[in-house]
Participant: 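Quick one: the structure is below, and I'll ask about it shortly.
Heavy-atom basis, side chains included; hydrogens, waters and symmetry copies ignored. So you know, we letter chains A, B, ... as the sequences are listed, proteins then strands, and number each from 1.
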Number of protein chains: 2
Amino acid sequence: MSYEPDWNVLTQTCPSRTSLARIANKWTAMIVIVLGKGRTRFRDLRAAVEGISGKVLTETLRDLERDGLVTRHVFAEVPPRVEYELTGLGRTLHGPLAAIGQWAEAHTAEVLENRERYDQER
Amino acid sequence: MSYEPDWNVLTQTCPSRTSLARIANKWTAMIVIVLGKGRTRFRDLRAAVEGISGKVLTETLRDLERDGLVTRHVFAEVPPRVEYELTGLGRTLHGPLAAIGQWAEAHTAEVLENRERYDQER
DNA sequence: CCGAATCCGTGACGATACTG
DNA sequence: CAGTATCGTCACGGATTCGG
């Protein structure tokens with residue numbers, strides 16, 4: 001794995017920032033977390049990521065496919081069936097995103113307390 | 001460190017999802033990455049996170065302060081000086097977010113290739 | 001001069017209806 | 001069932017102005 005130290009997400013024009021913007025968002029995180037469990041059908045993905053609309057799910061999956069993080073498997077059946085799966089590249093992203101999700105779950109109690117204290121003080 | 005298995009970012013109404021939404025965004029990631037280097041003045045933060053507007057930086061820092069991830073130090077000077085610093089809780093988030101940033105920098109070449117291939121095929 | 005508030009446009013997101 | 005299309009809404013984000 002070659003690393004390009006020239007690329008810096010903090011630099012405005014660096015292409016790496018477009019990658020950061022794509023992966024550092026809640027829908028991408030949740031989708032990749034679910035896909036980490038294995039190949040998943042569109043319908044099940046939509047059910048697992050509670051609250052996501054079909055439109056947003058489709059769009060996010062398209063973007064992930066375009067970036068080579070997800071592969072799309074279409075079955076010529078009626079009713080149609082489409083399954084999504086992490087690519088090798090996508091699997092390298094699963095760990096970091098899962099860590100973010102786990103951080104959120106593990107520290108929410110503390111965060112909620114902090115919010116209450118902050119809101120009371122003002 | 002107690003972990004609450006009941007909390008699940010995939011559940012629509014779970015409070016942990018509000019935490020996820022806050023930390024899984026590009027501005028938060030970049031700000032926390034910079035603050036990981038140490039206490040930083042607002043002006044320098046704005047310069048380091050290239051392209052961010054003053055308004056967005058202020059708002060994001062307020063939210064991070066509210067959640068207890070960042071402390072705000074105001075100096076009664078002219079011109080004014082305000083410095084921001086990660087809290088203990090904020091430092092526990094630095095690693096995961098830095099990993100996301102490093103992933104973006106490390107895999108952008110591959111992502112760009114994938115995008116070109118995808119766009120040519122259609 | 002630096003930090004923050006105000007104003008306002010744009011784009012993301014959700015809901016609905018429709019097609020293959 | 002898996003999208004696509006259209007539209008309405010609203011939060012995000014940029015430019016500008018204000019305050020100290």
Participant: Are any of the side-chain heavy atoms of Thr92(B) and His107(A) separated by less than 4.5 Å?
Facilitator: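 The answer is yes; the side chains approach within 4.5 Å.
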
Participant: Looking only at side-chain atoms of Trp27(B), point me to the closest of dG19(D), dA2(D), dG14(D).
Facilitator: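 Of dG19(D), dA2(D), dG14(D), dG14(D) is nearest to the side chain of Trp27(B).
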
Participant: Find the distance Met30(B):CE to dG13(D):C1' and express it as a whole number of Å.
Facilitator: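 Going from Met30(B) (CE) to dG13(D) (C1'), I get 13 Å.
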
Participant: Let me know the distance between CD1 of Ile52(A) and P of dG14(C), rounded to the nearest Å.
Facilitator: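 The answer, rounded to whole Å, is 7 Å.
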
Participant: Remember a base hit wins even if backbone is also touched, and classify Arg41(B) as base, sugar-phosphate or nothing at under 4.0 Å, heavy atoms.
Facilitator: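 Since only primed, P, OP1 and OP2 atoms lie under 4.0 Å of Arg41(B), the category is sugar-phosphate.
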
Participant: Check whether any side-chain heavy atom of Ser16(A) sits under 4.5 Å from a side-chain heavy atom of Asn8(A), and report yes or no.
Facilitator: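 Answer no - side chains too far apart.
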
Participant: Report yes if the side chains of Leu35(B) and Tyr84(B) come closer than 4.5 Å at any heavy-atom pair, otherwise no.
Facilitator: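 Yes. Closest side-chain heavy atoms under 4.5 Å.
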
Participant: Donor-acceptor pair, Asp44(B) side chain versus Thr40(B) backbone, under 3.5 Å?
Facilitator: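 Answer holds: no.
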
Participant: Using atom CG of Leu57(A) as one end and atom P of dA2(D) as the other, report the distance to the nearest whole Å.
Facilitator: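 Leu57(A) atom CG is separated from dA2(D) atom P by 10 Å.
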
Participant: Over how many whole Å does the gap from Asn25(B) atom CG to dA11(D) atom P extend?
Facilitator: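 Atom CG in Asn25(B) sits about 16 Å away from atom P in dA11(D).
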
Participant: Only one of Arg43(B), His73(B), Arg39(B) clears side chain to side chain donor-acceptor pair (under 3.5 Å) with Glu83(B); which?
Facilitator: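 Between Glu83(B) and the candidates, side chain to side chain donor-acceptor pair (under 3.5 Å) is satisfied uniquely by Arg39(B).
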
Participant: Just the rounded figure in Å: distance from C1' of dC13(C) to CD of Glu50(A).
Facilitator: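 It works out to 18 Å between those atoms.
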
Participant: For Lys26(A) and dG14(C), give me the distance from atom NZ to atom C1', rounded to whole Å.
Facilitator: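 Distance check: Lys26(A) NZ to dG14(C) C1' gives 11 Å.
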
Participant: Let me know the distance between CZ of Arg46(A) and P of dA2(D), rounded to the nearest Å.
Facilitator: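 It works out to 10 Å between those atoms.
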
Participant: Looking only at the side chain of Val56(A) (C-beta and beyond, no hydrogens), which of the listed nucleotides dG14(C), dG3(C), dG20(C) gets closest?
Facilitator: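 Within the option list, the nearest is dG14(C).
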
Participant: Any protein N or O atoms within reach of nucleotides 3-6 of chain D? Criterion: under 3.5 Å, listing atom names and distances.
Facilitator:
unit_1: dG3(D); atom_1: OP1; unit_2: Arg72(A); atom_2: NE; d: 3.4
unit_1: dG3(D); atom_1: OP1; unit_2: Arg72(A); atom_2: NH2; d: 2.6
unit_1: dG3(D); atom_1: OP2; unit_2: Tyr84(A); atom_2: OH; d: 2.7

Participant: Whole angstrom is fine here: how far is it from CZ in Arg81(B) over to P in dC1(C)?
Facilitator: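 Rounded to the whole Å, the gap is 17 Å.
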
Participant: Any side-chain heavy atom of Arg72(A) within less than 4.5 Å of one from Val82(A)?
Facilitator: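 A side-chain contact under 4.5 Å exists here.
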
Participant: Under 3.5 Å, side chain of Asp67(A) to main-chain N/O of Leu69(A), donor-acceptor pair present?
Facilitator: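 Not confirmed, Asp67(A) side chain does not pair with Leu69(A) backbone.
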
